[in-house]
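Below: the structure, in structure tokens.
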There are 2 protein chains.
Amino acid sequence: MLQKTVPTNMRNKKVVDLHAAKVACKECSLHQLCLPRSINGSDLEKLDSIIERKKPLKRNEHLFQVGSSFNSIYVVRSGSLKTYSPTVDGQEQVTGFHLPGELLGLDAIGKGRHPCAAKALETTSVCEVPFEHLEGLSQELPTLQHQLLRLMSKEIFDDQELMLLLGKKTAEARLSAFLLSISLRFKQRGFSSVEFYLSMSRNDIANYLGLAVETVSRMFTRFQEDGLIEAERKHIIIKNRENMRQIAGMNECCDETSARDSQQSI
Amino acid sequence: MLQKTVPTNMRNKKVVDLHAAKVACKECSLHQLCLPRSINGSDLEKLDSIIERKKPLKRNEHLFQVGSSFNSIYVVRSGSLKTYSPTVDGQEQVTGFHLPGELLGLDAIGKGRHPCAAKALETTSVCEVPFEHLEGLSQELPTLQHQLLRLMSKEIFDDQELMLLLGKKTAEARLSAFLLSISLRFKQRGFSSVEFYLSMSRNDIANYLGLAVETVSRMFTRFQEDGLIEAERKHIIIKNRENMRQIAGMNECCDETSARDSQQSI
DNA sequence: GTATAAAATTGACATTTATCAATTATGGCT
DNA sequence: AGCCATAATTGATAAATGTCAATTTTATAC
């Protein structure tokens with residue numbers, strides 16, 4: 001049941017609004033969790049039976065709030081969300097954006113409470129995976145346990161990359177890396193990596209990258225002047241990926257690595 | 001076997017150089033992994049049998065290098081290490097410091113290669129836990145699987161806290177939060193949270209916090225002028241924890257939460 | 001114990017990015 | 001379709017932190 005029917009035109013690489021996109025199961029991060037070759041049909045049904053589908057969230061609705069008790073992890077099916085934590089001074093820190101096929105809630109296992117909130121950036125639907133059931137099933141199915149550990153490890157790895165960005169990079173390097181990251185993730189989901197729509201505001205981007213909105217806005221302007229991108233609001237076209245890589249301080253290998261990894265698991 | 005004999009004077013809260021400290025097993029992050037109440041004697045032996053003790057590392061020796069293949073996770077027994085990733089421009093980004101009882105290598109599970117290197121900051125000994133065996137044993141022992149997931153979740157959570165620090169906080173807030181974090185971790189291991197020795201250089205601290213060495217040095221000076229700490233090189237005494245909390249932008253609850261969590265698991 | 005290298009500190013200055021303020025554009029709603 | 005709140009852009013200025021350079025202190029090696 002997870003492998004939602006996907007219109008054929010969605011499978012082709014084309015500009016697509018996440019709002020309308022259903023992720024192909026083959027691209028879904030749960031692919032290895034729910035459809036690994038090593039799991040046979042009846043085991044698959046077991047997994048399928050523990051997954052609950054929630055009714056779609058509207059824009060700005062919360063999937064979970066800060067401090068709410070942790071019961072399930074979630075997988076984005078369509079749309080997108082941001083996760084954010086409150087800071088003492090009443091602000092918020094955006095900790096991540098979540099596209100179809102990506103998991104939410106892994107940071108809550110330890111304490112049993114969600115340290116961040118998750119809010120839909122657009123109309124969004126998710127699969128809910130009750131954690132107790134997932135743990136139980138992982139106990140039976142070694143490949144499922146393995147995949148779960150891998151996905152959590154990937155999360156740790158990705159967070160460390162972001163730490164590097166926040167700690168060491170200039171504003172233009174941060175924005176460039178951000179756009180390339182989004183581009184790659186679209187590509188991995190079978191959509192165009194050259195032309196896409198951002199579902200988050202400039203404010204959210206700035207917050208995520210540890211910059212002021214104004215700085216992000218200026219960087220968008222500069223990138224256009226320099227012919228790196230075309231941007232009209234949320235509609236982005238990557239014009240010169242190679243230069244953007246250099247600005248982001250990425251060597252080609254980074255991109256390759258990520259791409260390779262994604263084929264393996266996510 | 002993991003519960004290494006600890007001199008009684010080490011169990012008391014006193015100033016201690018990590019160099020000489022062996023973590024008490026009760027404080028060890030592997031406590032729940034290797035000695036959970038729900039695991040009986042024979043199961044415990046199974047776990048014990050898969051753990052290998054490595055000969056101590058000397059200062060500046062590597063536990064693993066960037067890109068080396070991932071086979072085991074490691075737990076610090078005594079001493080301390082830093083983990084760091086190379087950046088394109090030949091610099092490095094310090095991604096973490098690891099005190100006795102803390103795990104290393106969780107970020108490598110996903111790709112099967114270590115994305116960062118681990119280097120001893122002083123004479124350091126570690127337990128090596130072959131990952132395949134750990135996975136296999138987790139398959140048998142639900143509590144072990146659960147604990148492993150919890151520890152990975154905690155790592156994700158901690159990384160997100162650091163992201164917040166790097167993205168939103170001033171230099172003084174970063175250093176203050178850093179010192180409080182170290183202080184708390186000493187406390188959790190049964191050592192003084194007021195007076196301790198840092199095993200890392202100012203350079204490493206600056207790198208970790210995304211600051212210039214000079215800035216860190218100036219902040220140390222300012223903290224002393226303001227009576228927040230006494231610092232002579234690596235020897236630190238916390239004089240005014242409450243003010244430091246405020247500067248770090250932490251509400252009291254943060255500290256509590258961390259402390260509570262640590263009792264539960266780490 | 002002395003020489004040498006490495007680490008830490010301090011000051012002067014440059015640069016980046018944040019902040020404040022004003023304007024324009026956009027999207028949601030009736 | 002038009003109004004209003006929100007989001008985005010742009011400019012001017014200020015503040016924080018980085019960079020460069022010099023000095024002092026500490027650690028390491030012979």
Side-chain angles (χ1 to χ4, degrees), chain A residues 17 19 58-61 82 87 89 91-94 119-123 165-176 178 197-225 229-236 247 249, chain B residues 17 19 58-61 82 87 89 91-94 119-123 165-176 178 197-225 229-236 247 249:
Chain A
D17 189 321
H19 178 90
K58 290 199 218 92
R59 187 168 131 85
N60 289 329
E61 276 186 330
K82 69 171 175 181
T87 58
D89 44 352
Q91 301 181 59
E92 53 184 57
Q93 161 76 29
V94 174
K119 189 194 263 188
L121 293 168
E122 57 195 313
T123 303
L165 203 70
L166 293 173
K168 294 258 176 309
K169 305 292 183 81
T170 63
E172 64 174 10
R174 295 186 201 189
L175 183 60
S176 188
F178 170 75
Y197 286 90
L198 297 173
S199 57
M200 66 292 289
S201 69
R202 299 284 193 267
N203 233 311
D204 286 335
I205 295 172
N207 189 308
Y208 178 68
L209 296 176
L211 298 169
V213 209
E214 294 92 332
T215 305
V216 169
S217 186
R218 281 183 249 271
M219 290 301 144
F220 267 106
T221 308
R222 190 196 294 177
F223 282 6
Q224 287 181 89
E225 288 167 358
I229 62 172
E230 276 181 30
E232 196 175 333
R233 291 290 178 177
K234 318 216 156 186
H235 180 210
I236 308 290
I247 288 170
Chain B
D17 189 322
H19 178 89
K58 289 198 224 81
R59 186 169 130 86
N60 289 329
E61 277 186 330
K82 68 171 176 182
T87 58
D89 43 353
Q91 301 182 60
E92 53 184 57
Q93 161 76 28
V94 175
K119 188 194 262 188
L121 293 169
E122 57 195 313
T123 304
L165 204 70
L166 294 173
K168 293 259 175 311
K169 304 292 183 81
T170 63
E172 64 175 9
R174 295 185 202 190
L175 183 59
S176 187
F178 170 76
Y197 287 89
L198 298 172
S199 58
M200 65 293 287
S201 68
R202 299 284 193 268
N203 233 310
D204 285 336
I205 296 173
N207 190 307
Y208 177 68
L209 296 177
L211 298 169
V213 207
E214 294 92 333
T215 305
V216 169
S217 187
R218 281 183 249 270
M219 290 300 145
F220 267 105
T221 306
R222 190 195 294 177
F223 282 7
Q224 286 181 91
E225 288 168 357
I229 64 172
E230 276 180 29
E232 196 176 335
R233 291 290 176 178
K234 319 218 155 182
H235 180 210
I236 308 291
I247 288 170

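Protein chains get the first letters and strands the later ones, always in sequence-line order, with residue 1 at the start of each.
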Backbone N/O of A:Arg233 and side chain of A:Arg202: donor-acceptor pair under 3.5 Å: yes
Contact check, side chains of A:Leu211 and A:Ile205, non-hydrogen atoms, under 4.5 Å: no
Nearest-0.5 Å distance, CD of residue B:Glu122 to CE of residue B:Met200: 9.0 Å
For atom NZ of B:Lys168 and atom P of D:dT17, their distance in whole Å: 15 Å
Whole angstrom value for the distance that separates C1' of C:dT9 from CD of B:Gln224: 11 Å
With sequence neighbours excluded, residues passing side chain to side chain contact (heavy atoms under 4.5 Å, CB included) with B:Lys58: B:Glu61
Sugar-phosphate, base or nothing in reach of A:Ser217, heavy atoms under 4.0 Å: base
B:Ile236 and B:Phe220, any side-chain heavy atoms less than 4.5 Å apart: yes
Which residues share a side chain to side chain contact (heavy atoms under 4.5 Å, CB included) with A:Ser217, sequence neighbours left out: none
Atom pair distance, as rounded to whole Å: CG in B:Leu209 and C1' in D:dA16: 16 Å
From CG (A:Leu166) to OH (A:Tyr208), nearest 0.5 Å: 8.0 Å
Report, one pair per line, the protein and nucleotides 24-29 of chain C atoms (nitrogen or oxygen only) whose separation is under 3.5 Å.
unit_1, atom_1, unit_2, atom_2, d
C:dT26, O4', A:Arg233, NH2, 3.3

Atom-pair distance (CD on B:Glu225; P on C:dT9), nearest Å: 12 Å
N or O in side chain of B:Thr221 less than 4.0 angstrom from C:dT10 OP1/OP2: yes
Length of the NZ-C1' vector between B:Lys234 and C:dA8, whole Å: 10 Å
Reading 5' to 3' through nucleotides 16-22 of chain C, protein heavy-atom contacts under 4.0 Å coded B for base, S for sugar-phosphate only, - for none: -SSBBB-
Interatomic distance, A:Glu232 atom CD to A:Gln224 atom CD [nearest 0.5 angstrom]: 8.5 Å
Pairs flagged by side chain to side chain donor-acceptor pair (under 3.5 Å) wherever residues 165-176 of chain A is involved - sequence neighbours left out: A:Lys168-B:Gln93, A:Lys168-B:Asn207, A:Glu172-A:Arg222
Nearest-angstrom distance from the residue atom CG of B:Leu175 to P of C:dT9: 11 Å
d(CZ, B:Phe220; P, C:dA7) in whole Å: 16 Å
Electrostatic pair A:Lys82:A:Glu92 at N-O distance under 4.0 angstrom: yes
Nearest-0.5 Å distance that lies between atom NE2 in B:His235 and atom OH in B:Tyr197: 4.5 Å
Bending between helix ends of the helix from C:dG1-D:dC30 to C:dT30-D:dA1 [5 pairs per end, 10° resolution]: 60°
Between C:dA5 (P) and B:Asn203 (CG): distance, integer Å: 19 Å
